[in-house]
Amino acid sequence: MDKYTPADIEKKWQQVWEEERTFEAPDPEEPAYADRSGKSYVLEMLPYPSGTLHMGHVKNYTMGDVIARFRARNGSITFHPMGYDAFGLNTENVAIKTGIHPAELTKINTGNINRQLHRLGVSIDWSRELATCDPEYYRWTQYFFLKFFERGLAYKKEAPVNWCPSCQTVLANEQVVQGGCERCSTPVEQTSLAQWFFKITDYAERLLKDFDQLQSWPERVITMQRNWIGRSEGAEVIFPVEELDLDIPVFTTRPDTLFGATFFLLAPEHELVGRITEGMAEADAVTKYANEARQKPLIDRAVADREKTGVFTGRYAVNPVNGEKIPIWVSDYVLMEYGTGAIMAVPAHDQRDFEFARKYGIEVRVVVSGEEVGADSGPGLESAFEQEGNLVNSGRFDGVNNREAGDAITAWLESEGKGKTAISYRLRDWLVSRQRYWGAPIPIIYCDKCGIVPVPEKDLPVLLPDVEDYAPKGKSPIAANLEFVNTSCPQCGGPATRETDTMDTFVDSSWYFLRYTDPKNDREAFDKELAGYWMPVDQYIGGVEHAILHLMYARFFTKVLYDLDLVDFEEPFNNLFTQGMIYYQGAKMSKSKGNVVNPDEHVDRYGADTLRLYILFMGPPELDVEWQDQGIEGTFRFLGRVWRLVNEIVEKTAPSEYSDFAKADVESVKLVRKANQTIAKVSADVSERFRFNTAISAVMELVNDAYLAKDGLFATEAGNGVLRFVAETVVKLLDPFSPHICAELWQRLGNERLWTEPWPRADERFLEDETYELVVQVNGKLRERLRVSRSAGKQELLAAAHSSEKIARHIEGKELVKEVVVPGRLVNLVVR
RNA sequence: GCGGGCGUGGCGGAAUGGUAGACGCGCCAGCCUUAGGAGCUGGUAGGGUUCUCCCUGUGGAGGUUCAAAUCCUCUCGCCCGCACCA
């Protein structure tokens, strides 16, 4: 018997797959295309090509591959494409450091990843490979930008934005993590700039509502998105400013507490701050405070337990419910980006307002009473009372439960024209412009006469020009390329300049899954029918770190395309699986910590089949797990065991027609039963639960049993047939996990192409033994195990239990209170 | 602070109301041997033991149930997300 040499075997079969184009999905002309009911779109999040793949990628793509191969073997027309999220800052930063052009770097890196994925034997349809930095791709990214612009969903506005001083670019809200840049953790600064936004807030309601359409998404991802969108119901209430012809609306979720408003707050950035303080003695102090607040880094400002500060404007607002004058202050705990940038402050019932009022000696007036909190307890209150109760100090609403009072007060305000019900979202519009080089240029032209003019569709793509120096400088490096910048206006023909910002790379990855369905199309982004055939994605797999960013943007994009009648579905990903991370030596793998486990080294040493198998055997795929160097050895040993077992069977038995296992000897039937049970277990674990680790352990059990039984079975004709059957079963079941060794062993067993073989089905007759081990308990404690017939009824089981000597010992001299019988499992005798 | 998740042998984990610790790693023992970084077989939660059983055991404390790792309440620890969102 030859030794198991993964390197040779894996190369051999990868070549076969490539030559035979085994994994290419059918085109419409092909007969296989017709059966749409069986299509399955399996997709893993596309890699960002920075260097080479790491273990997390290996896990991701192996999982996807197992699902894709499993579904293909189960009759699905499987669609399993791959591409590269190839624009982006990482590449650009490396380019700046090394002097190699980003395009060149991208080519090297995507080449590496392509090679690695081939080496891992992932069943990808390579004919659909794409890179988002390819002009034939980003041309359509730009096209969508124009479509968004036409609909008013892409707009430019001067706004406070997050600026990363290290990356020298603005960031979307979603890319600010704990006050720092998502990429480099540098504290983000607040600045005001004219930037391009996508109006994702218009879709807030649909993004929430359409969670219903999803088949299977992790609950926590939905929760994270729901929290991010942050829908709040409440009221918008108009507060007139005394002595000025000025109304300022506020948003509140607590209209029930309106009578308790004792002051009024504006965000420092609020546009009316200037007008309100104009000519007032307090003007200078307010301006100074507002300027300081504006310049504070986000990370300093967004800390909840910071002491509240503020400054009085000298003006008063009029509370519309009782005509009371309340002082207007400016404070930086009021955020311009949320609600209206102004709030009514109710210190008795809001902890933040409470702290502010106590610090500045403002009245605290109770309007919701509860235990120990009465109408007059405001001055003595130690913290805000935020629970339920009945209204007090609230005019004609006194005595009403505060939950009902909110609606009543809002209705009353509405009838008076002083307010209305309102819904507010935490979600902000998506800032998509970036002042960096390596991205898709925003297809916009500025003309002195015509203003903002979109580039005509026929002029797409707007090619990213070459520049000498793409180091960040606060504006896009392509602004230095005058040949690019200077152009003529498509409308009037006069001199004009191009937009020089590029698009956030999350725009690129918001529609790539559609391009796969029609990757070569040069007339449109994709054919609607082709997209409708393959989409939505049946199983999407990726890291949970994209729970909000990519997954929300892609959902938004799909909804806009639906409204543009470019697709006929509203959700791109029916089922989502988020995988856990792989740790090593107790920490996340990272280059800086020097604890990176390199996939290539392990493929060199053990082969792709072993690496794939181990990575799935480590634990449930959704959990974080720790890489163990010795663990992979065990998996390699197991494949070696499979190799020797199957080869020995090939050598010692002939392919036989023997199939009447029911008539075989006892040992043979036992193994046949085990094999069928394994088929059932693996099928269920892979298809229903994605529990690859338990599926693999089931095959290990079968192999262990086969080792124990084989020497006996080689001696009989029935045994020979059984061993052949077991060998074929093991190879078939292991195929999605370790496809190369299985393809090879399948061939050695005298067959041809394993991947066209249907997935095995368990034979019902062999799933259950005729006898089983009955557990007998006394008072819930295990006391005896008895071999009983599967057909035994409750009475027989009880009789068997009672006839046991051990049981007799335990119930002797005691009163039998209850007998619980669960056929197929146990008997529990309760005694006193 | 709010929301979510997780706590099981020396380790990764299995068991989702019914035999706790499948499978694998590690360790121990035996066999085999053209002596290997091999292979095969057995053992391996803790304690006691007449070697067959007994007791204890799934972070901790209570509860529901004939029966709880699993369901409920409280509590401790760790991890993740959000964090002045009115």
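Just so we're on the same page: letters track the sequence lines, and every chain starts at 1. All values derive from a computational prediction rather than experimental measurement.
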What's the closest nucleotide to the V822(A) side chain, out of G24(B), G18(B), C84(B)?
G18(B)

Whole angstrom value for the distance that separates P of G4(B) from CD1 of I222(A)
14 Å

Using whole Å, what does the distance between atom P of nucleotide G5(B) and atom CD of E622(A) come to?
13 Å

Residue pairs involving residues 816-832 of chain A (criterion side-chain hydrogen bond (donor to acceptor under 3.5 Å, both in side chains); sequence neighbours excluded):
H802(A)-E819(A)

Grab the two heavy atoms, one from P249(A) and one from D247(A), that are nearest each other, plus how far apart they are.
CD-O, 3.8 Å

When the C1' atoms of G21(B) and G46(B) are compared, how many Å lie between them, rounded to an integer?
13 Å

With a 4.0 Å limit, can you tell me whether K781(A) has a side-chain N or O closer than that to the phosphate oxygens OP1/OP2 of U56(B)?
yes

Centroid-centroid under 6.0 Å between W329(A) and F356(A) rings
yes

Write down the distance separating the C1' atoms in C74(B) and A22(B), rounded off to the nearest Å.
33 Å

To the nearest angstrom, how far is E219(A) atom CD from G4(B) atom P?
10 Å

At under 4.0 Å between heavy atoms, which parts of nucleotides 35-42 of chain B does protein reach? Answer with one letter per nucleotide, 5' to 3': B base, S sugar-phosphate only, - none.
--B-SSSS

Starting from the 5' end of RNA chain B, give me the residue, M700(A) or V775(A), whose nearest nucleotide shows up first.
V775(A)

Do any N or O atoms of the protein come closer than 3.5 Å to N or O atoms of nucleotides 65-69 of chain B, and which pairs are they?
from   : atom 1 : to      : atom 2 : distance (Å)
C66(B) : OP1    : K818(A) : NZ     : 3.4
C66(B) : O2'    : N828(A) : ND2    : 3.1
C66(B) : O2     : N828(A) : ND2    : 2.7

For RNA chain B, what is the dot-bracket line, given that a base pair needs Watson-Crick (N1 to N3, plus N6-O4 or O6-N4) or G-U wobble (N1-O2 and O6-N3) geometry with both distances under 3.5 Å, and | means paired with another strand?
(((((((..(((.....[....)))((((((.......))))))((((....))))..(((((..]....))))))))))))....

Which pairs, protein N/O on one side and nucleotides 9-13 of chain B N/O on the other, fall under 3.5 Å?
from   : atom 1 : to      : atom 2 : distance (Å)
C11(B) : O2'    : Q628(A) : NE2    : 3.1
G12(B) : O2'    : M618(A) : O      : 2.7

On RNA chain B, nearest-nucleotide positions of T223(A) versus I696(A): which is more 5'?
T223(A)

Pairwise P distance for G9(B) and C2(B), with rounding to whole Å
30 Å

Let me know the distance between CD1 of I548(A) and P of G4(B), rounded to the nearest Å.
16 Å

Does CZ in R787(A) sit with more than 12 non-hydrogen atoms of other residues, nucleotides or ligands closer than 6.0 Å?
yes

For residues Y4(A) and P6(A), report the shortest heavy-atom separation together with the two atoms involved.
O-CD, 3.3 Å

Rounded at 0.5 Å granularity, tell me how far CG in L708(A) sits from CD in E667(A).
10.0 Å

R226(A) near the nucleic acid: base, sugar-phosphate alone, or nothing, with a heavy-atom cut-off under 4.0 Å?
nothing

Separation of the C1' atoms in G13(B) and G26(B), to the nearest angstrom
14 Å

Interatomic distance where CD1 belongs to I248(A) and C1' belongs to A86(B) [whole Å]
15 Å

Look at the rings of F506(A) and H546(A) and say which category their plane angle falls in: under 30° parallel, 30 to 60° tilted, over 60° perpendicular.
perpendicular

Between atom CH2 in W228(A) and atom C1' in A83(B), what is the gap in whole Å?
11 Å

Contact list (N/O, under 3.5 angstrom) for nucleotides 47-54 of chain B vs protein:
from   : atom 1 : to      : atom 2 : distance (Å)
C53(B) : OP1    : K806(A) : NZ     : 2.8
C54(B) : OP1    : R783(A) : NH1    : 3.2
C54(B) : OP1    : H810(A) : NE2    : 3.4

Apply side chain to side chain contact (heavy atoms under 4.5 Å, CB included) to residues F354(A) and Q351(A) and explain how you reach the verdict.
CA-CA 5 Å; F354(A) 180 84; Q351(A) 186 58 29; 4.1 Å; yes

I'd like a list of close polar pairs between nucleotides 32-34 of chain B and the protein, N/O only, cut-off under 3.5 Å.
none

Look at all strands and tell whether E773(A) reaches a base, only sugar-phosphate, or nothing, counting heavy atoms closer than 4.0 Å.
base

Show the atom names and distances, to 0.1 Å, of all donor-acceptor pairs under 3.5 Å that link a side chain in residues 691-706 of chain A to residues at least two apart or in another chain.
from    : atom 1 : to      : atom 2 : distance (Å)
T694(A) : OG1    : D685(A) : OD2    : 2.7
T694(A) : OG1    : R691(A) : O      : 3.1
S697(A) : OG     : T694(A) : O      : 3.0
E701(A) : OE1    : K674(A) : NZ     : 2.9
N704(A) : OD1    : R641(A) : NH2    : 2.9
N704(A) : ND2    : M700(A) : O      : 3.4

Aromatic contact between Y614(A) and W627(A), with the criterion being ring centroids under 6.0 Å apart: yes or no?
yes

Just to be sure I understand the geometry, which residues of residues 330-339 of chain A put a non-hydrogen atom under 4.0 Å away from RNA chain B?
Y333(A), V334(A), L335(A), Y338(A)

Heavy atoms only, 4.0 Å cut-off, all strands: where does S232(A) land among base, sugar-phosphate and nothing?
sugar-phosphate

Strictly distance-based, threshold 3.5 Å: is any side-chain N or O of T262(A) a donor or acceptor partner for the main-chain N or O of E363(A)?
yes

Are F714(A) and I649(A) close enough that some pair of their side-chain heavy atoms sits under 4.5 Å apart?
yes

Look at all strands and tell whether G634(A) reaches a base, only sugar-phosphate, or nothing, counting heavy atoms closer than 4.0 Å.
sugar-phosphate

Other residues, nucleotides, ligands: >12 heavy atoms within 6.0 Å of K359(A) NZ
yes

Taking CD from E688(A) and P from U16(B), how many angstroms apart are they, rounded to a whole number?
13 Å

Side-chain donor-acceptor distances from residues 807-817 of chain A under 3.5 Å, at least two apart:
from    : atom 1 : to      : atom 2 : distance (Å)
H810(A) : ND1    : K806(A) : O      : 3.0
H810(A) : NE2    : R783(A) : NE     : 3.4

Apply the syn/anti split at 90° from 0 to G9(B) and say which one it is.
syn

For nucleotides U64(B) and A69(B), find the distance between their P atoms and express it as a whole number of Å.
16 Å

Quote, to the nearest angstrom, the C1' distance that separates A67(B) from C32(B).
48 Å

What interatomic distance, in whole Å, is found between C1' of G60(B) and the corresponding atom of G10(B)?
23 Å

Who passes salt bridge (charged side-chain N to carboxylate O under 4.0 Å, His left out) against E768(A), sequence neighbours left out?
R790(A)

Are the side chain of H349(A) and the backbone N or O of V367(A) linked by a donor-acceptor pair below 3.5 Å?
yes

Report the distance from atom CG of D350(A) to atom P of C2(B), rounded to the nearest whole Å.
15 Å

Counting distance only, does the side-chain N/O of T252(A) pair as donor-acceptor with the main-chain N or O of R254(A) below 3.5 Å?
yes

Which pairs pass side-chain hydrogen bond (donor to acceptor under 3.5 Å, both in side chains) with one or both residues in residues 630-639 of chain A, sequence neighbours excluded?
Y606(A)-E633(A)

Separation between the P atoms of A20(B) and U70(B), rounded to whole Å:
14 Å

